[in-house]
Amino acid sequence: MRDPAVFYITTAIDYPNSRPHIGTAFEKIGADVQARFQRMEGRSVHFLMGNDENTIKVSQRAEELGVEPQAYVDDMARQFQDVWKALEISNDDFIQTSQERHHLGCRKFIQAVYDAGHIDKRAYTGLYCTGCEAFKTDKEIADGKCPNHPNLALKEIAEENYFFRLTDFSDRLLAHYEANPDFIQPESRRNEIISLVKEGLYDVSISRKGFTWGIRVPFDDDQTIYVWFDALLNYITAIGYGTDEERFNRLWPADVHVIGKDITRFHCALWPAMLMAAGLPLPKRIFGHGFVYNKGAKISKSAGTAIDPMEVFRIHGADPFRYYFMKECPFGGDGNYSDERFAEVYNADFANNLGNLYSRTLSMCVRYFGGTLEGAGSIDPTAWRSGLDLDRLVAELRTLIGNFSYSAALLKIWLEILDCFNRYIQSTEPFKLIKTDPEATKVVLVNLAEAMRVVAILIKPFLPSTAETFYRSFNFGDARAWSDVGYADIPNRPTIANLTVTAPLKDGKPTPLFPKIELNPTAVDV
RNA sequence: GGCUGCGUAGCUCAGUUGGUUAGAGCAGCGGUCUCAUAAUCCGCAGGUCUCCGGUUCGAGUCCGGACGCAGCUACCA
């Protein structure tokens with residue numbers, strides 16, 4: 001039995017044919033929020049990401065560029081990781097499927113499945129383009145021709161390939177879905193997969209002949225392992241399958257595979273069947289997230305004013321970017337991006353609300369008390385949240401985040417915590433109170449500082465930088481290190497005698513964290 | 001063509017096993033405050049829940065159909 005404190009989470013590995021785009025980023029952010037949250041809950045998290053490099057397209061692309069495939073994929077892997085780092089993705093590992101650990105694990109796996117009798121050799125018939133020197137799938141064919149070589153006729157060629165007997169696992173798969181209702185999420189995806197399997201699966205071709213880039217089939221040197229059979233295995237080869245069994249047993253099975261809704265079938269049908277064939281345990285959960293559509297940008301692109309969503313975080317920072325997608329696009333469903341919508345959300349939720357709370361709180365502490373609230377430790381800091389059932393709220397948030405309901409969680413934090421925070425200031429009016437009763441004002445400000453601390457913890461999984469900035473704006477870290485703080489710390493203020501503003505100030509005022517986006521006045525049609 | 005999902009306020013979405021006047025945020029409008037990034041706070045307005053039919057004492061919620069949108073249909077998140 002695996003240690004229940006371990007939490008192993010993965011994302012889909014990406015094709016390095018092009019740079020990371022908004023869809024891939026959406027997935028990584030969603031998985032990252034979960035990873036960060038689980039760490040805060042005290043789990044020993046292992047968060048894996050990677051690139052899918054054993055495809056024909058990689059070798060073709062490398063050839064076009066005149067570089068070695070390995071050099072090409074290494075460069076792309078570096079570029080991907082640069083982006084993930086800029087988005088504050090906290091993955092613990094990044095696998096490239098061209099790495100030796102993956103090759104060794106794949107060969108061991110396919111051999112095990114072969115030995116167990118689930119793989120056999122059959123004729124594969126497909127349309128072959130002599131120009132590309134490759135088989136073409138239906139999708140790659142336009143009007144019966146290869147789009148790259150429209151003058152050449154496609155040839156129907158039969159080739160001996162290895163097939164995985166997926167069909168044999170239909171009943172066991174259905175039984176597993178039945179026994180484990182949470183295996184596939186959200187619910188709609190689960191229904192789709194069940195009906196897919198009920199309609200009948202096909203045995204799948206898992207090898208190809210005559211390629212040099214890729215993983216050799218151990219029991220047949222002429223063949224390389226083909227796409228999905230190789231790609232899915234990254235989840236186990238990355239953690240030591242075939243190279244470090246002790247580590248593998250410590251981490252497997254995965255707690256959740258975070259994937260796009262388009263590849264649920266591979267993860268929910270093929271992958272479990274492969275694991276069954278090899279006698280390995282199945283992952284506990286597979287979450288198929290939705291897609292982000294880029295409607296607004298498409299429209300404004302023609303006007304030449306579009307900002308590539310992937311540039312947004314370079315302009316406004318990773319946190320507003322992360323917030324936008326986690327709040328505006330329900331993770332299990334689809335969402336949209338547009339420059340206008342981004343600006344609206346940013347201004348309303350970041351500039352006017354979150355960032356402004358930071359400014360007004362710190363500025364009053366500095367202005368009225370020189371930045372130090374003496375004797376804060378003996379002041380009750382719960383008045384700001386009177387009328388709010390914080391314990392209940394935190395419990396709800398934990399459930400929501402654990403279920404990937406990020407947009408609902410963020411909505412709740414803004415609506416119930418931040419609004420409560422603002423209303424407390426409004427009702428106590430410390431800016432008036434200071435003229436008549438400095439002691440009472442101090443009590444209010446100690447409460448505001450405490451609200452800052454609570455907000456910092458609540459937003460930590462979503463907005464790591466902002467959360468840290470909030471927490472470090474007072475000297476809370478002297479009593480409880482930021483890196484250790486989790487939702488369990490929310491009810492317990494660390495014991496600090498004097499609260500001090502430690503945030504950087506300029507002319508006695510904090511620098512606005514999120515300067516408003518000035519909206520271009522919309523052109524008026526006359 | 002087949003399968004799946006969706007269609008609720010100007011925009012983005014909540015609406016639990018059908019049950020009282022359909023909810024929220026943003027945008028809009030009016031007022032208020034001045035600590036703060038002209039932010040906050042209070043209030044107002046805004047919906048024949050795509051359409052047609054059915055089941056029911058009662059339907060946004062269930063059933064059938066129409067229209068529209070999206071995804072998948074076996075190697076693109």
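Lettering follows sequence order; numbering is per chain, from 1. Keep in mind it's a predicted model, so treat the numbers as computed, not measured.
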With a 6.0 Å cut-off on the ring centroids, do [X] and [Y] count as close?
| X | Y | answer |
| --- | --- | --- |
| A/H316 | A/F342 | yes |
| A/Y346 | A/Y324 | no |
| A/F164 | A/F169 | yes |

Could you check which of [options] has an atom nearest any side-chain atom of [X]?
| X | options | result |
| --- | --- | --- |
| A/L415 | B/rC26, B/rG25, B/rC35 | B/rG25 |
| A/A351 | B/rC35, B/rU37, B/rA74 | B/rU37 |
| A/R341 | B/rU37, B/rC11, B/rA39 | B/rC11 |
| A/K261 | B/rG71, B/rU12, B/rA39 | B/rG71 |
| A/Y202 | B/rA36, B/rA74, B/rC35 | B/rA74 |

Base, sugar-phosphate alone, or nothing: which one does [X] contact when heavy atoms must sit under 4.0 Å apart?
| X | answer |
| --- | --- |
| A/L201 | base |
| A/F514 | base |
| A/K28 | nothing |

Using a strict cut-off of less than 4.0 Å between a Lys/Arg side-chain nitrogen and an Asp/Glu carboxylate oxygen, indicate whether A/D168 and A/R165 qualify as a salt bridge.
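Yes.
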Pair A/E160 + A/R122: basic N to acidic O under 4.0 Å: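 A salt bridge is absent here (no side-chain N lies under 4.0 Å from a carboxylate O).
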Query - Gap in Å between the two C1' atoms, one belonging to B/rG15 and one to B/rG7, rounded - result: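 Approximately 15 Å lies between the C1' atom of B/rG15 and that of B/rG7.
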Shortest non-hydrogen pair, A/P430 vs A/T441, comes out as O-CG2, 3.8 Å
Separation of B/rA70 atom C1' from A/R189 atom CZ, nearest Å, is 11 Å
Item checked: Nearest-angstrom distance from the residue atom NE2 of A/H267 to C1' of B/rC76 ->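 That distance rounds to 13 Å.
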Taking only N/O atoms, report every protein-nucleotides 1-9 of chain B pair under 3.5 Å with atom names and distance.
{"unit_1": "B/rU4", "atom_1": "O2'", "unit_2": "A/E192", "atom_2": "OE2", "d": "3.1"}

Expected list for residues 422-445 of chain A near RNA chain B, using heavy atoms below 4.0 Å, is A/N422, A/R423, A/Q426, A/F431, A/K432
Symbol by symbol from the 5' end, with Watson-Crick or G-U pairs under 3.5 Å, [ ] crossing and | another strand, RNA chain B is (((((((..((((.....[...)))).((((.........)))).....(((((..]....))))))))))))....
Answer yes or no: does a side-chain N or O of A/R367 lie under 4.0 Å from OP1 or OP2 of B/rA36?
yes
- Polar pair under 3.5 Å, donor/acceptor by atom type, side chain A/N356, base B/rA39: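 No, no donor-acceptor pair under 3.5 Å.
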